[in-house]
*Asks:* 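I am attaching a structure below and will ask some questions about it afterwards.
A quick note: this is a predicted structure, and the numbers were derived from the prediction, not measured. Chain letters run A, B, ... following the sequence lines, proteins first and then strands; every chain starts at 1.
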Protein chains: 2
Amino acid sequence: MSPHRPAPLVRQARTPRDGIPEATVARLPVYLRALTSLAEGGVETVSSEELASAAGVGSAKLRKDLSHLGSYGTRGVGYEVDYLVYQISRELGLTQDWRVAIIGVGNLGHALANYGGFVSRGFSVAALLDADPAVIGHTVGGLTIRPVDDLERVVAEEDIHIGVVATPAGSAQHVYDRLVAAGVTSVLNFAPVVLDTPEAVMVRKVDLSTELQILAFHEQRRLATRLAADVRRTAVDGDGGHAAEVAT
Amino acid sequence: MSPHRPAPLVRQARTPRDGIPEATVARLPVYLRALTSLAEGGVETVSSEELASAAGVGSAKLRKDLSHLGSYGTRGVGYEVDYLVYQISRELGLTQDWRVAIIGVGNLGHALANYGGFVSRGFSVAALLDADPAVIGHTVGGLTIRPVDDLERVVAEEDIHIGVVATPAGSAQHVYDRLVAAGVTSVLNFAPVVLDTPEAVMVRKVDLSTELQILAFHEQRRLATRLAADVRRTAVDGDGGHAAEVAT
DNA sequence: TCGACTTTGTGCACACGTTCACAAGTGCCT
DNA sequence: AGGCACTTGTGAACGTGTGCACAAAGTCGA
């Protein structure tokens with residue numbers, strides 16, 4: 001209920017306090033995925049060049065990223081795939097299982113609950129909650145949907161570490177506040193709102209609308225410059241008629 | 001010696017070429033949402049401080065961001081909400097409608113297709129495609145699912161600007177290639193793979209798995225430091241007891 | 001009209017992230 | 001054993017993004 005944040009100096013997502021830069025952390029899952037894929041293909045060793053190419057980054061960046069974890073890797077040879085998989089997994093905390101609760105089992109929450117495969121090893125959906133009496137009690141992906149009023153109890157009983165907010169925008173802040181009050185310190189937010197996060201809680205946002213708008217910006221820019229080019233060309237041609245198809 | 005490395009690697013679609021920094025573009029949708037919300041609340045004018053607070057950023061950052069669009073805003077007063085909404089919408093290209101095709105109508109694609117409301121003004125889902133004969137022909141959100149084999153034709157007929165890849169990981173690259181070949185230059189990828197994007201195409205990725213792993217990293221770190229603190233305290237207490245077995 | 005007050009827009013310094021280039025290791029081959 | 005080809009790890013340069021602090025520019029009241 002506090003519309004204004006009193007402290008703009010809150011340290012939120014930035015974690016320069018120790019070792020690993022945030023940008024590197026954000027790339028580790030990508031490396032891990034590429035490595036897992038390589039391991040399944042029977043590859044035992046990769047060079048930074050190969051792995052970087054598989055992960056879609058530059059090799060220097062990859063080496064610097066990995067160097068933050070330690071000096072795994074052998075000069076003249078590369079990195080042992082299995083070992084690196086283990087090290088990254090350990091660093092990301094995937095050696096233990098994180099219990100996730102999804103709040104809001106609408107279209108999106110439903111999809112997330114059923115997406116067990118794509119939530120790779122290390123996570124398990126342990127609870128589904130919703131406010132709508134019409135869906136409470138139904139079973140999705142082997143879990144029974146429980147009423148959101150029981151949120152605090154569910155978090156405690158199921159030992160929830162991560163909350164996924166998939167509610168409508170209007171309920172998101174309230175649900176978030178209750179999650180935090182119940183002791184959850186990591187939240188993934190799908191609701192299209194800016195959550196007020198005064199506490200030392202890690203919040204990450206997934207926002208389709210924002211992503212589309214960013215795409216639209218670039219698409220529009222592309223069209224604008226192409227159009228300008230056409231106009232310029234037409235002017236130079238002195239062709240007062242219809243702007244022709246500019247095939248290239 | 002380093003033989004000439006012919007890999008400058010500028011293939012990524014970074015666009016610092018002119019005006020607006022990428023980081024700013026990524027925040028404009030957030031500002032727009034906050035402004036729209038304010039406008040609905042009847043607010044006519046906001047200061048950078050207020051808007052920044054609503055958007056969860058610092059006021060200086062917000063002012064600098066907006067200054068990239070132009071000098072809207074009046075000193076001593078603030079920004080006129082409606083005007084700013086229009087300017088940001090225009091800059092983001094939301095004054096026209098972008099036609100979106102969703103490829104892959106599984107759990108996620110289904111949810112996206114029904115999420116018409118949360119895809120705010122400026123976008124319309126114009127086509128649904130899938131490879132599974134079992135779902136082709138079904139109607140979701142008022143659209144009939146068409147076979148993915150017709151992708152090229154659908155893109156042309158429906159004048160698709162943006163492709164949303166919601167297929168399984170294995171099909172994503174293939175679908176992406178076909179989209180690009182069909183002339184789509186903006187793609188939003190939900191599949192957990194790194195797409196090989198050699199062309200000047202704008203690709204953005206939404207990846208639940210990655211987000212969860214980043215949360216897990218911080219959560220683990222939090223637990224680790226807390227645990228370390230407990231151990232330290234126990235040691236200081238001189239209690240040689242059984243307190244913890246965190247030795248590893 | 002003038003002065004006090006408010007808020008924008010921005011120059012500047014700093015922090016963070018990326019890329020280059022190469023010395024330091026490592027294994028293979030002769 | 002010694003040289004050679006290869007690859008990592010990293011110092012240094014560069015570019016981008018952020019936050020501070022303040023002059024410029026506007027409003028409002030007397």
*Asks:* Between B:Gln87 (CD) and C:dT8 (P), how many Å, whole number?
*Replies:* 17 Å
*Asks:* So, the side chain of B:Trp98 versus the backbone of B:Gly93: is there a donor-acceptor pair under 3.5 Å, distance only?
*Replies:*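 Confirmed, B:Trp98 side chain pairs with B:Gly93 backbone.
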*Asks:* Are any of B:Lys64's side-chain N or O atoms less than 4.0 Å away from OP1 or OP2 of C:dT10?
*Replies:* no
*Asks:* In this structure, are over 12 heavy atoms from other groups packed under 6.0 Å from B:His174 atom NE2?
*Replies:*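 No, not enclosed.
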*Asks:* Please determine whether side-chain contact (heavy atoms from CB on, under 4.5 Å) holds for the pair A:Gln173 and A:Leu195, giving the CA-CA distance in whole Å, both sets of side-chain angles, and the decisive distance to 0.1 Å.
*Replies:* CA-CA 6 Å; A:Gln173 182 69 54; A:Leu195 292 178; 3.7 Å; yes
*Asks:* State, yes or no, whether a side-chain contact exists between B:Val57 and B:Asp65 at a heavy-atom distance under 4.5 Å.
*Replies:* no
*Asks:* Taking the side chain of A:Pro21 as heavy atoms from C-beta outward, which of C:dT8, C:dA21, C:dG17 is closest to it?
*Replies:* C:dG17
*Asks:* Grab the CD-C1' distance between B:Glu22 and C:dT18 for me, whole Å please.
*Replies:*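 Roughly 16 Å, once rounded to whole Å.
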*Asks:* What is the separation between atom OH on A:Tyr31 and atom P on D:dT8, rounded to the nearest whole Å?
*Replies:*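 These atoms are roughly 13 Å apart.
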*Asks:* Whole Å only: how far is the CZ atom of B:Arg27 from the C1' atom of D:dT16?
*Replies:* 11 Å
*Asks:* Which is it for B:His161 and B:Asp159 under the side-chain contact (heavy atoms from CB on, under 4.5 Å) test, yes or no, and what are the steps along the way?
*Replies:* CA-CA 6 Å; B:His161 293 104; B:Asp159 194 23; 3.8 Å; yes
*Asks:* Step by step, would you call A:Val77 with A:Thr45 a side-chain contact (heavy atoms from CB on, under 4.5 Å)?
*Replies:* CA-CA 8 Å; A:Val77 177; A:Thr45 305; 3.7 Å; yes
*Asks:* Quick one: B:Leu69 CG to C:dG9 C1', roughly how many Å, whole number?
*Replies:* 13 Å
*Asks:* Identify all pairs in which a protein N or O lies below 3.5 Å from an N or O of nucleotides 1-4 of chain C, and state each distance.
*Replies:*
none

*Asks:* Indicate whether OP1 or OP2 belonging to C:dC22 is found under 4.0 Å from a side-chain N or O atom of A:Arg63.
*Replies:* no
*Asks:* What is the nucleic acid contact for B:Ser71, judged by heavy atoms within less than 4.0 Å: base, sugar-phosphate only, or nothing?
*Replies:* sugar-phosphate
*Asks:* Give the minimum heavy-atom separation between B:Ala26 and B:Pro29, together with the two atoms involved.
*Replies:* O-CD, 3.6 Å
*Asks:* Using a cut-off of less than 4.0 Å, is there contact between a side-chain N or O of B:Tyr79 and OP1 or OP2 of C:dG9?
*Replies:* yes
*Asks:* Distance check needed: D:dG11 P versus A:Lys61 NZ, whole Å only.
*Replies:*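 A:Lys61 atom NZ is separated from D:dG11 atom P by 20 Å.
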*Asks:* A:Ala23 side chain: which of D:dC22, C:dT18, C:dC20 is closest?
*Replies:*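 When the side chain of A:Ala23 is considered, C:dT18 is the closest of D:dC22, C:dT18, C:dC20.
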*Asks:* Figure out the CG/P separation between A:Leu66 and D:dT7, and round it to whole Å.
*Replies:*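 Distance check: A:Leu66 CG to D:dT7 P gives 16 Å.
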*Asks:* What pairs of residues pass the salt bridge (Lys or Arg N to Asp or Glu O under 4.0 Å) test when at least one of them lies in residues 172-195 of chain B, not counting sequence neighbours?
*Replies:* B:Glu152-B:Arg178
*Asks:* At under 4.0 Å between heavy atoms, how does the protein contact nucleotides 23-30 of chain C? Give one character per nucleotide, 5' to 3', with B, S or -.
*Replies:* BBBSS---
*Asks:* Just wondering, do B:Arg121 and B:Leu94 contact through their side chains at under 4.5 Å, heavy atoms?
*Replies:* no
*Asks:* Between atom OH in A:Tyr72 and atom C1' in D:dT7, what is the gap in whole Å?
*Replies:* 19 Å
*Asks:* Just to confirm, is there a sub-4.0 Å distance from OP1 or OP2 of D:dT8 to any side-chain nitrogen or oxygen of A:Ser48?
*Replies:* yes
*Asks:* Go through the steps for A:Glu211 and A:Val206 under the test side-chain contact (heavy atoms from CB on, under 4.5 Å), then give the verdict.
*Replies:* CA-CA 9 Å; A:Glu211 296 299 325; A:Val206 174; over 6 Å; no
